[in-house]
Amino acid sequence: RPTRPRTTDLSRRNLLRAGALAAGAGAAFLGIEGLLRVTGARGADRRLTGSHQDGSFDPDRMPVTQWFDDAVPSIDASEWRLLVTSGGVSRSVSLHELTAFDDRIRAVIDCTGGWYAGQDWQGARLDRLLGQVDGSSVLVRSRTGYERRFPIGDASSIVVATGVGGAQLSAGHGFPARLVAPGRRGYWWVKWIDEIRVDDTPWWWQPPFPLT
């Protein structure tokens, strides 16, 4: 049953015990990390998220993963168009037009599947692609129906990528265009994008994790 806090809970003895426990846990963590690095055991290259490095700066070795029931779609580059809508005005952007931006960014994708990879990505920075915006958030949707919504203020740090490592994206990695969202876990990096829409919906008005 619920227990009310007591003044004795903040006694000097209890605070010292809590401090000792925290220090012990920190020392144990650092000791294990040090041992992994010295021995070269698997885990030495993991991030704070627990993910292991896999395929950094070698896109052909980077794992191909997608969310739940998504399958890799077959998309004809000559027919594909990206629908961009802002302020009630829509325009259609071809792959050639998107590639012409040639914005570049080095970013790490950290997948919830337990791996991460640093890559050099090329494409169009989202704020440059959108131009003048009228809204508070931007929705990015995949050909598969998968979607994520972002604060409009993040647009300058996000890239709609058409290439990785100096080459065109493969189908498994999001061809013809995918999102690169630095600092966010992999499920935010929407692949096979075919629509971007700016509106007044709050960016947080979405499930914390995609439902499909």
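Note that the structure is a prediction, hence the values are computed from the model and not measured.
- At a threshold of 4.5 Å between side-chain heavy atoms, the hydrophobic network of Ile, Leu, Val, Met, Phe, Trp and Tyr places I193 and Y146 in one connected group.
- Contact check for I109 versus Y116: no side-chain heavy atoms found under the 4.5 Å cut-off.
- Ion pairing between a basic and an acidic side chain is recognised when a charged N comes within 4.0 Å of a carboxylate O; D110 and R47 show such pairing.
- Counting heavy atoms from C-beta outward, V72 and F175 have side chains that stay 4.5 Å or more apart.
- Inter-residue side-chain proximity for V93 and L83 is flagged as unmet; no heavy-atom pair is nearer than 4.5 Å.
- Within the 4.5 Å cutoff, the side chain of I158 has no heavy atoms near those of the V180 side chain.
- Partner of V198 under the side-chain contact (heavy atoms from CB on, under 4.5 Å) criterion, chosen from D134, T85, I152: I152.
- For S142 (side chain) and K191 (main-chain N/O), a donor-acceptor pair under 3.5 Å exists by modelled atom type.
- Between R143 and P176, every side-chain heavy-atom pair lies at or beyond the 4.5 Å cut-off.
- Between the E97 side chain and the S94 main chain, a donor and an acceptor come within less than 3.5 Å of each other.
- Criterion: ILVMFWY side-chain heavy atoms under 4.5 Å apart, direct or through other members. Under it, F209 and L179 are part of a common hydrophobic cluster.
- Here the rule is side-chain contact (heavy atoms from CB on, under 4.5 Å) with V138, and of I196, V133, D199 only I196 fits it.
- For R125, the salt bridge (Lys or Arg N to Asp or Glu O under 4.0 Å) criterion is met by D127, not counting sequence neighbours.
- Looking at S137 and R149, their side chains do bring a donor and an acceptor atom within 3.5 Å of each other.
- No continuous path of ILVMFWY side-chain contacts below 4.5 Å connects V89 to L129, so the two sit in separate hydrophobic clusters.
- Cluster annotation: V108 and V160 are assigned to distinct hydrophobic clusters (Ile/Leu/Val/Met/Phe/Trp/Tyr, side-chain heavy-atom contacts under 4.5 Å, transitive).
- Looking only at distances, a side-chain donor or acceptor of Q122 sits under 3.5 Å from a matching main-chain atom of D120.
- Rounded to the nearest 0.5 angstrom, L98 CG and T162 OG1 are separated by 5.5 Å.
- Residues in residues 54-66 take part in these side-chain hydrogen bond (donor to acceptor under 3.5 Å, both in side chains) pairs, two or more places apart or across chains: Q53-S56.
- R197 has a carboxylate O that lies under 4.0 Å from a charged side-chain N of E195, or vice versa, which qualifies the two as a salt bridge.
- The shortest side-chain heavy-atom distance between P182 and I105 falls under the 4.5 Å cut-off.
- Here the side chain of W192 pairs a donor or acceptor atom with the backbone of A171 at under 3.5 angstrom.
- Between R106 and Q119, every side-chain heavy-atom pair lies at or beyond the 4.5 Å cut-off.
- For an aromatic pair to be called close, the ring centres must be under 6.0 Å apart, and W189 with W121 satisfies this.
- Remark: T99 OG1 to Q168 CD distance equals 7.5 Å, nearest 0.5 Å.
- Under the 4.5 Å side-chain heavy-atom criterion for Ile, Leu, Val, Met, Phe, Trp and Tyr, L169 and V190 are members of the same hydrophobic cluster.
- Closest of all the heavy-atom pairs between P210 and Y187 is CD-CD1, 3.6 Å.
- Between the side chains of S170 and H173, at least one donor N or O lies within less than 3.5 Å of an accepting N or O.
- In this structure, D154 and R184 have side chains that are in contact, with non-hydrogen atoms separated by less than 4.5 Å.
- Here D194 does not pair with R81 in a salt bridge; the nearest charged N to carboxylate O distance is not below 4.0 Å.
- Note that R148 lies in the cation-pi zone of W188, set by a 6.0 Å cut-off to the ring centre and a 45° limit from the axis.
- Between the CZ atom of F150 and the OG atom of S136 there is a distance of 14.5 Å, given to the nearest 0.5 Å.
- Here L16 is tied to no hydrophobic group at all, with no ILVMFWY side chain closer than 4.5 Å.
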